[in-house]
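Working notes for the structure below.
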2 protein chains.
Amino acid sequence: MASIKDVAAEAGVSVATVSRVLNDHPSVSADARTRVLAAVEALGYRPNAVARSLRTDQTRTLGLVISDVLNPYFTHLARSVEEQARALGYSVIIGNADERPDLQDHHVRTLLDRRIDGLLVSPTDGGSPLMLDAARSGTPMVFVDRWIAGVDVPVVRSDGRTAVHDLVAHLHGLGHRRLAIIAGPAATTTGRERVEAFRQALAAYGLPLPDSHIGQGDFQAESGRRVMERFLDLAEPPEAVFAADNLMALGALDAVRVRGLRVPDDIALAAFDDIPWFVHTDPPITAIAQPTGELGRAAVRALVDRIEGRPPESVTLPARLVARRSCGEPASAEPRVLQKPPVLQEATASAEPSPATNRSQS
Amino acid sequence: MASIKDVAAEAGVSVATVSRVLNDHPSVSADARTRVLAAVEALGYRPNAVARSLRTDQTRTLGLVISDVLNPYFTHLARSVEEQARALGYSVIIGNADERPDLQDHHVRTLLDRRIDGLLVSPTDGGSPLMLDAARSGTPMVFVDRWIAGVDVPVVRSDGRTAVHDLVAHLHGLGHRRLAIIAGPAATTTGRERVEAFRQALAAYGLPLPDSHIGQGDFQAESGRRVMERFLDLAEPPEAVFAADNLMALGALDAVRVRGLRVPDDIALAAFDDIPWFVHTDPPITAIAQPTGELGRAAVRALVDRIEGRPPESVTLPARLVARRSCGEPASAEPRVLQKPPVLQEATASAEPSPATNRSQS
DNA sequence: GTCAGTCGTGTAAACGATTCCACGACTCAC
DNA sequence: GTGAGTCGTGGAATCGTTTACACGACTGAC
């Protein structure tokens, strides 16, 4: 593969001049510039990013470590991150932790070894020594969706409290009193927060949340199935179940179906994180929708601000309830979305709140 | 960040010795080794992968350019690719082409600039000059799922012909005679092949496939919706529609629903590519399932073989029909999968054909 | 005609690793 | 005791860039 030396020889100039042309440095004559460009063309030369990175100490690359690629929420997030990064001239390397702290560490280590310019993380746990070290030692870093307390890292996330309250109001309005939750891992902020928000909302209606109605899941489908089975085995099973993410909701739906029961007739179901498929499940599933695309874009903006020396901004955006039929309402049609079902709007992010609003600084 | 020089100074040896310890080269004394290891520990030293790559001319990184990350099929593929690559000591950088040739080229170029060791591609089109150049100039490359004719690059894919034949038999058995297809882009092999297989299978039953019953889609949901609308507007709409991928099936389902019609009562629907959500849609969707995980793993094995100087092997694995209720059968339960619904099995790939079988060399 | 300033260019030193080669200190066979 | 071989080590070149610095050729003011 042709190097800058070959180009220099072909153009009859020094490598310094070639480099200057490539980085369009002003002080190079028009003549030299055209000769270099011709040589570049002739040889099909492409600069070696590895060498360039070594010299300049920057890779123009962002690392993104997410908890689970198979979760459509994170896939969507990853896509918007890549899009925004590309717009700002950065590449993204994705590491999939699969909700496993050891895998998460593996990816963080690999990304750090590659000297990425900054790291976007949605932590799977409370923070390994490695991650804490990275944060404290000044690696540009931003948490997205989930975060770790006690480190000085901006957080871009959505606040589901209001939406969870709306959900409980919705369930209460439909006559459900015995409510249960399939929780995420307590080591994650989203795992804890969603339970907490649910508990507070229930309290506002004078409803209890006994321990038997808090099932411990791990954000994966299999755990949703397991917890739902336990709920159904109870002497007095819950009337409505709230799954803290979409995969556990899917598992829960499996469990209900295997028993030959029906949603919402036998048991109501709702989920955190709305995804296009929820419109088409049997029945369509009531969910809390995050402004996923905007979350990804805001996270990249914050990280790039940090990398380029501007003060990064923490961002919190609101989530909203999308009521469908899985909790029992004789729904007329798809709510809120009048023109087209969400599936197609998700792709263009037009259904999301406007970027300019709902910011809060921290 | 500490460099190898700092470690050498700390340990009181030369950088050469440090390097030897790091790459566990045999000729280094036990004493020197422990001193170096202690210094590495003390300084929290991690080798700079950028510098290492420049020197050794290898990055131990694979590029994966896929057509659309939002498509669960490709997400699953990407995950299995990363898993297998990690097992073989490689990292993976994913580029999402979003079915856009220009974006695909962008990613190929970026990956090449980074001097990845090899490229896994599921081409969005018939092959841009850039991609053809890369293939011909000897970049280790393997096509997965889709391929480009006329270049000497191994292909790892699945053959859906038998499954498509089974599908047509299934539809015919249910009494459907007017069949239609929502095709993928003719520029892709999968786009063409699926139409071709469908046409041949119809011919075997003496059924016609008029042009009005071939809708041109682009593998995205919106196109599925559009084509389905056209089908429904026909004087004599088809009785059954086969979507060439899962996203177009989703769009088609939208279109049917918006008209207030029902699947399968008013129109039957089947899709290429099975995904966990199809079990829970209303109705559950009949689909052709590829051995996605094994495809990803085989592709990585082939690419790494090529990179490390062994002769790479093209692989073709069979796809299979998974009949559900969307074509009209009064299905008793989930077919073939008796213990658990596919959603949980997908994650562990246990439902896939064994890796050892069904190979074909090319 | 001299001198200061500009402009375009080239030389060479980094960046952080790997690896070839040379060399000194041994061991061991004769 | 000498010579050959082994072993551990360090010096230095190298990978492909960027960039500080020096320098020669101009220009233009005095």
Side-chain angles (χ1 to χ4, degrees), chain A residues 1-40 43-61 89 91 109-117, chain B residues 1-40 43-61 89 91 109-117:
Chain A
M1 188 153 260
S3 83
I4 197 172
K5 258 185 219 155
D6 304 315
V7 176
E10 173 84 11
V13 297
S14 72
V15 294
T17 298
V18 176
S19 175
R20 278 187 279 256
V21 170
L22 263 27
N23 297 284
D24 38 39
H25 187 286
S27 85
V28 50
S29 68
D31 175 56
R33 162 164 285 115
T34 52
R35 290 222 309 286
V36 167
L37 260 19
V40 164
L43 299 172
Y45 168 78
R46 292 250 79 209
N48 182 328
V50 174
R52 191 187 287 231
S53 292
L54 177 60
R55 181 56 233 244
T56 61
D57 202 35
Q58 53 161 336
T59 50
R60 295 206 72 86
T61 301
S91 298
R109 202 179 334 262
T110 308
L111 290 167
L112 256 24
D113 285 355
R114 287 168 176 272
R115 302 301 194 262
I116 45 138
D117 293 342
Chain B
M1 188 152 257
S3 83
I4 197 171
K5 259 185 220 156
D6 303 316
V7 176
E10 173 84 10
V13 297
S14 72
V15 294
T17 299
V18 176
S19 176
R20 278 188 279 254
V21 171
L22 263 27
N23 297 285
D24 37 41
H25 187 285
S27 87
V28 51
S29 68
D31 175 55
R33 164 165 283 115
T34 53
R35 290 222 310 285
V36 167
L37 259 20
V40 164
L43 298 172
Y45 168 78
R46 294 248 77 211
N48 183 327
V50 174
R52 191 187 289 231
S53 292
L54 176 60
R55 182 54 236 249
T56 60
D57 202 35
Q58 54 162 335
T59 50
R60 294 207 72 85
T61 300
S91 297
R109 199 177 340 258
T110 308
L111 291 167
L112 257 24
D113 285 356
R114 286 167 177 275
R115 303 301 195 260
I116 44 137
D117 293 341

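Note on naming: letters A, B, ... go to the chains in the order of the sequence lines (proteins, then strands), and numbering restarts at 1 for each one.
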- Look at A:N23 and D:dT18 and indicate whether a side-chain polar atom (N or O) is within less than 4.0 Å of OP1 or OP2. yes
- Task: Output the single nucleotide from C:dT18, C:dA17, D:dG10 whose closest atom is nearest the side chain of B:P47.
- Result: C:dA17
- Task: Round to a whole Å and report the spacing from NE2 of A:H25 to P of C:dG8.
- Result: 11 Å
- Between A:S29 and C:dT9, does any side-chain N or O lie under 4.0 Å from OP1 or OP2? yes
- Task: Mind checking B:S3 for me? I need base, sugar-phosphate or nothing, with any heavy atom below 4.0 Å counting as a touch.
- Result: sugar-phosphate
- Spacing of OG1 belonging to B:T59 relative to CD1 belonging to B:I116, to within rounding of 0.5 Å: 7.0 Å
- Task: With heavy atoms under 4.0 Å as the rule, sort A:V13 into base, sugar-phosphate or nothing.
- Result: sugar-phosphate
- Message: Quiz question: going by heavy-atom distance under 3.5 Å, is there a donor-acceptor pair between the base of D:dG10 and the side chain of B:R20?
- Response: yes
- Message: Any base atoms under 4.0 Å from B:S19, or only sugar-phosphate, or nothing? Heavy atoms, all strands.
- Response: base
- Note on the structure: From CG of B:L54 across to C1' of D:dT18 the rounded distance in Å is 13 Å
- Message: Considering every strand and a 4.0 Å limit on heavy-atom distances, what is the contact class for B:A32: base, sugar-phosphate, or nothing?
- Response: sugar-phosphate
- Item | 5'-most by nearest nucleotide on DNA chain D - B:V15 or A:I4 | B:V15
- Message: Just the rounded figure in Å: distance from P of D:dT9 to CG of B:L22.
- Response: 15 Å
- Task: For A:D57 and C:dA14, give me the distance from atom CG to atom P, rounded to whole Å.
- Result: 16 Å
- Message: Rounding to an integer number of Å, can you tell me how far B:D31 CG sits from D:dT9 P?
- Response: 7 Å
- Item | Under 3.5 Å: donor-acceptor pair, side chain of A:N48, backbone of A:V50 | yes
- Message: Counting the atoms with a prime plus P, OP1 and OP2 as sugar-phosphate, which does B:V18 contact under 4.0 Å by heavy atoms, base, sugar-phosphate, or nothing?
- Response: nothing
- With the side chain defined as heavy atoms from C-beta on, A:N48 is closest, among D:dT18, C:dA17, D:dG16, to D:dG16
- Query: Hey, is the side chain of B:K5 poking within less than 4.0 Å of OP1 or OP2 on C:dC15, counting only N and O atoms?
  - Reply: yes
- Pick from A:V28, A:V40, A:V7: which one makes a side chain to side chain contact (heavy atoms under 4.5 Å, CB included) with A:V21? A:V28
- Task: Step through the shown structure and confirm whether more than 12 heavy atoms of other residues, nucleotides or ligands are within 6.0 Å of CG on B:D57.
- Result: no
- Just how far, in rounded Å, is C1' of D:dT18 from CD of A:Q58? 11 Å
- Message: Between B:R109 and B:D113 (salt bridge meaning N to carboxylate O under 4.0 Å), is one present in this structure?
- Response: no
- Provide the closest heavy-atom pair for B:R35 versus B:D31 in the form atom of the first, atom of the second, distance. NH1-OD2, 2.6 Å
- Query: Rounded to whole angstrom units, what separation is found between the CG atom of B:D24 and the P atom of D:dG8?
  - Reply: 14 Å
- Separation of B:R114 atom CZ from D:dT17 atom P, in whole Å? 15 Å
- Query: Can you find a donor-acceptor pair, distance only, under 3.5 Å between A:R55 side chain and D:dT17 base?
  - Reply: no
- Item | Distance test, side-chain N/O of B:T17 to OP1/OP2 of D:dT9, below 4.0 Å | no
